[in-house]
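Report on the structure given below.
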Amino acid sequence: MRFDDQVVAVTGANGNLGRALAQAALARGARVALLDVALGADLASAPGKVGVHQVNLLDAEATRACFAAIGRVDVLCNIAGGFTMGDPVHVAGDEVWTRMFDLNVRTLLNSVRAVVPGMIERKRGKTVNVGAIAGLGGGVSGQASMGTYSAAKSAVIRITESMAAELKRKGINVNCVLPSIIDTPQNRAAMPKADPAQWVAPADLANVILFLASEEARAVHGAALPVVNLV
């Protein structure tokens with residue numbers, strides 16, 4: 001898979017998955033645009049990038065202005081998101097529901113609203129969203145008290161399917177990945193008794209995302225692809 005001269009935009013670039021994806025895209029010849037609400041110094045020095053952009057993706061106007069500054073985007077990877085274990089559905093307050101849908105759905109919507117019109121004009125483009133195994137159904141992940149997160153990630157899957165149906169005849173592929181637990185320092189600290197060998201490495205998930213963003217996946221539309229390490 002090569003992305004020579006293609007512009008790959010990565011939202012949530014300062015997270016563990018965002019960093020892994022940026023590195024993998026750069027290694028395959030892409031020009032990478034890095035977006036996050038907070039950016040580390042190491043991202044600013046990354047080679048081969050189009051630019052590093054500090055932007056709040058919950059601000060629709062700021063998001064539009066940011067992507068306008070980037071210019072052409074060939075591949076949009078919507079990595080930005082968030083997780084909270086939360087409370088049972090009948091206990092969870094409005095602030096928890098709002099936060100989960102803001103981080104996982106509104107950031108995605110603001111990004112695609114800013115980028116997809118340009119893809120339609122050029123009659124080509126790839127969009128890959130990040131859902132979660134938990135989005136397949138309440139309790140699917142084996143964990144209780146994840147209703148807010150599960151509902152938000154389920155919305156990501158439905159949005160992906162709808163966009164794919166709307167855009168596939170316009171030369172645009174839209175798909176999503178459904179990771180289980182990602183092996184990050186934060187998850188290791190939160191679950192010290194778990195076996196991280198059973199989790200998904202960020203680099204492995206990044207490779208799957210880039211496959212869906214590649215020309216090799218040009219016949220794939222609306223897929224919700226589970227990415228689960230079963231070691």
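The two residues Val89 and Gly147 have their closest heavy-atom pair at CG2-CA, 4.1 Å. Between Ala80 and Thr107 the shortest heavy-atom distance is O-OG1, 3.8 Å. Leu17 and Ala206 get closest at one heavy-atom pair: CD1-N, 4.1 Å. Leu58 approaches Asp102 most closely through the heavy-atom pair CD2-O, 3.2 Å. The two atoms that bring Thr84 and Val96 nearest to each other are CG2-CG1, 4.1 Å, heavy atoms only. Closest approach of Arg218 to Asn173, counting heavy atoms only: O-ND2, 2.9 Å.
To the nearest 0.5 Å, atom CG of residue Leu34 and atom CG of residue Asn14 are 9.5 Å apart. For the atom pair CZ (Phe67) and CG (Leu76), the distance works out to 5.5 Å, reported to the nearest 0.5 Å. Atom-to-atom distance recorded for Asn56:CG and Leu35:CG is 11.5 Å, nearest 0.5 angstrom. Atoms CZ and CG, from Arg106 and Asp59 in turn, are 9.0 Å apart once rounded to the nearest 0.5 Å. Taking CE of Met100 as the reference point, atom OG1 of Thr148 lies at 6.0 Å (rounded to 0.5 Å). In this structure, Ile157 CD1 and Leu178 CG are separated by 4.5 Å, a value rounded to the nearest 0.5 Å.
Of the possible donor and acceptor atoms, none in the side chain of Asn104 sits under 3.5 Å from a partner among the backbone N and O of Gly81. Between the side chain of Arg64 and the backbone N or O of Arg113 there is no donor-acceptor pair closer than 3.5 Å. Distance alone, capped at 3.5 Å, is enough to place a donor-acceptor pair between the Gln54 side chain and the Val37 backbone. For the pair Asn187 (side chain) and Ile181 (backbone), a donor-acceptor distance under 3.5 Å is absent. Without hydrogens or angle criteria, Thr11 side chain to Ile79 main chain gives a donor-acceptor distance under 3.5 Å. Distance alone, capped at 3.5 Å, places no donor-acceptor pair between the Asn129 side chain and the Asn78 backbone. A donor-acceptor pair under 3.5 Å links the side-chain atoms of Ser150 to the main chain of Ala134, judged by distance alone. Listed for the Ser214 side chain is a donor-acceptor partner under 3.5 Å among the backbone atoms of Phe211.
Counting non-hydrogen atoms of other residues, nucleotides and ligands closer than 6.0 Å to CG of Asp94 gives a total of 12 or fewer. Within a 6.0 Å radius of CZ in Arg72, more than 12 heavy atoms belonging to other residues, nucleotides or ligands are found. The 12-atom threshold is not exceeded at CD of Glu121, counting heavy atoms of other residues, nucleotides or ligands nearer than 6.0 Å. Counting non-hydrogen atoms of neighbouring residues, nucleotides and ligands closer than 6.0 angstrom, the CZ atom of Arg2 exceeds 12 such neighbours.
Annotation: side chain of Leu225 is not in contact with side chain of Asn175 (no heavy-atom distance under 4.5 Å). Considering only heavy atoms from C-beta on, Val8 stays 4.5 Å or farther from Arg28 through its side chain. Trp199 places a side-chain heavy atom less than 4.5 Å from the side chain of Met191. Leu167 places none of its side-chain heavy atoms less than 4.5 Å from the side chain of Met119.
Look at Asp183 and Arg188 and you find a salt bridge, because one of the NZ, NE, NH1 or NH2 atoms lies within 4.0 Å of a carboxylate O, short of that distance. Taking 4.0 Å as the cut-off between side-chain N and carboxylate O, Glu215 and Lys126 count as a salt-bridged pair.
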Open item on the list: Checking Ile209 against Val130 for the side chain to side chain contact (heavy atoms under 4.5 Å, CB included) test, could you report, in this order, the C-alpha distance in whole Å, the side-chain angles of both residues, the deciding distance, and whether it holds?
Closed with: CA-CA 9 Å; Ile209 291 171; Val130 176; 4.3 Å; yes
- [ ] Mind running side chain to side chain contact (heavy atoms under 4.5 Å, CB included) on Asn16 and Ile182 for me, showing each step along the way?
- [x] CA-CA 9 Å; Asn16 295 284; Ile182 302 175; 5.8 Å; no
- [ ] Test Asp204 against Val227 for side chain to side chain contact (heavy atoms under 4.5 Å, CB included), laying out the working first.
- [x] CA-CA 9 Å; Asp204 291 337; Val227 185; 5.8 Å; no
